[in-house]
Amino acid sequence: MKAMVLEKQDLLENLPLKLKDLPLPEPEDDEIRLKISVCGVCRTDLHIVEGELPAHKMPVIPGHQIVGYVDKLGAHAKKYRLGDRLGIPWLYKTCGKCKYCKSERENLCDAPMFTGYDVNGGFAEYVIVNEEFAYPLPGNYNDKEVAPLLCAGVIGYQAFKATGLKDSGRLGLFGFGSSAHILLQICNHLGIETYVVSRTEKELKLAEKLGAKWTGRIDEDMGVLLDAVIVFAPSGELLVKALKKIAKGGIVVSAGIYTTPLPGFDYSHIYPEKTLTSVAHTSRKNVQEFLNLAGRFKIHTEVNEYELAEANMALLNIKYSKISGSSVLINQPS
Ligand SMILES: [Zn+2]
Ligand SMILES: [Zn+2]
């Protein structure tokens with residue numbers, strides 16, 4: 001099979017992902033093999049490729065928003081049939097034994113494996129997964145529409161749940177990439193007002209088009225204090241500034257797996273009763289809950305399409321904020 005393989009972490013300008021021909025992987029026991037049609041491209045892939053995240057498996061095939069069709073079953077796989085359309089997100093496997101796995105917080109598992117990081121992911125033509133960690137996808141989306149929901153959508157939803165908001169209130173979305181543009185539409189659906197902060201005009205325009213209540217730069221006055229902010233941009237400085245945008249009792253949630261250092265701040269940033277936290281990964285329960293929610297109405301995903309061999313370019317465009325919305329790699333049918 002063809003795959004874009006990372007052999008050594010390096011700056012994207014040096015095109016570290018190389019197109020290779022690899023043997024077809026074989027599913028064992030309760031694993032299944034998917035023939036990949038589309039794989040989303042995410043900022044986390046950028047951090048894996050360039051090395052802000054330490055290397056785990058090397059060489060590795062990145063990619064963790066995989067849409068594919070079951071093409072081979074392991075000897076003991078029984079949940080799905082050949083041809084079923086399934087998705088694979090970032091959470092590839094959990095231990096099932098640690099205190100987090102046993103208390104419905106498997107996103108914090110002590111020994112997790114992540115797709116496209118600890119095991120080969122979706123920048124390829126085929127992938128292997130345990131059947132318990134793959135998900136049927138809502139039928140009201142085609143493959144390239146649904147791929148960005150699998151990480152960008154799911155992570156945004158995990159962060160949204162951390163805010164405690166349900167069906168009213170004012171939510172800030174700071175940094176308006178793939179995750180935020182999906183979450184904004186969920187907020188519209190649920191009746192939550194969104195306040196979008198971004199440095200790029202393109203992103204602010206998209207936010208406005210999608211129905212944000214307010215859009216602007218971080219130093220502009222919103223005229224109100226927010227109940228919660230989710231910071232999607234990997235900026236410690238923005239996290240601290242967000243604390244000044246929330247009302248007492250409010251919460252700032254960092255949705256990133258990586259962020260620049262936080263500058264020092266005085267007590268007034270967290271008093272009275274302001275919370276600063278982060279979300280890490282997702283549980284299977286939240287992935288399923290999010291996919292169910294997405295199936296009830298149509299989330300519009302702004303999708304930039306690339307061929308598999310263009311993965312370096314797709315990531316470079318995310319690095320330099322050259323695109324708005326989500327990016328996907330598409331496999332030509334063979
Ligand atoms: Zn565990
Ligand atoms: Zn991701």
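Read the numbers this way: they start at 1 and go in the same order the structure lists the ligands and their atoms.
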A side-chain contact here means heavy atoms from C-beta on lying under 4.5 Å apart; do Trp90 and Ile257 qualify?
yes
Report for the Zn ion (ligand 2), protein N, O or S closer than 2.8 Å, by chain and number, lists Cys42 SG, His64 NE2, Cys151 SG
inquiry  = Any heavy-atom pair between the side chains of His281 and Pro112 that's under 4.5 Å?
reply    = no
Residue pairs passing the side-chain hydrogen bond (donor to acceptor under 3.5 Å, both in side chains) test with at least one member in residues 217-244, sequence neighbours excluded, are Glu201-Arg217, Glu237-Lys241, Lys244-Ser268
Here the side-chain hydrogen bond (donor to acceptor under 3.5 Å, both in side chains) pairs for residues 305-316, sequence neighbours left out, are Lys144-Glu305, Tyr306-Asn317
Check: Quick one: does NZ or CZ of Lys213 land under 6.0 Å from the six-membered ring centre of Tyr195, within 45 degrees of the ring axis?
Finding: no
Taking 2.8 Å as the strict upper bound, the Zn ion (ligand 1) has protein N, O or S neighbours numbering 4
task: Kindly assign one of parallel, tilted or perpendicular to the pair Tyr157 and Phe290, based on the angle between their ring planes and the thresholds 30° and 60°.
output: tilted
Could you go through Phe133 and Thr94, starting from their C-alpha distance and side-chain angles, then the distance that decides it, and tell me whether this counts as side-chain contact (heavy atoms from CB on, under 4.5 Å)? CA-CA 9 Å; Phe133 288 83; Thr94 53; 3.5 Å; yes
Q) Is there a side-chain contact between Lys248 and Glu273, using heavy atoms and a 4.5 Å cut-off? A) no
- Task: Name the orientation class of the two ring planes belonging to Phe176 and His181 (parallel below 30°, tilted from 30 to 60°, perpendicular beyond 60°).
- Result: perpendicular
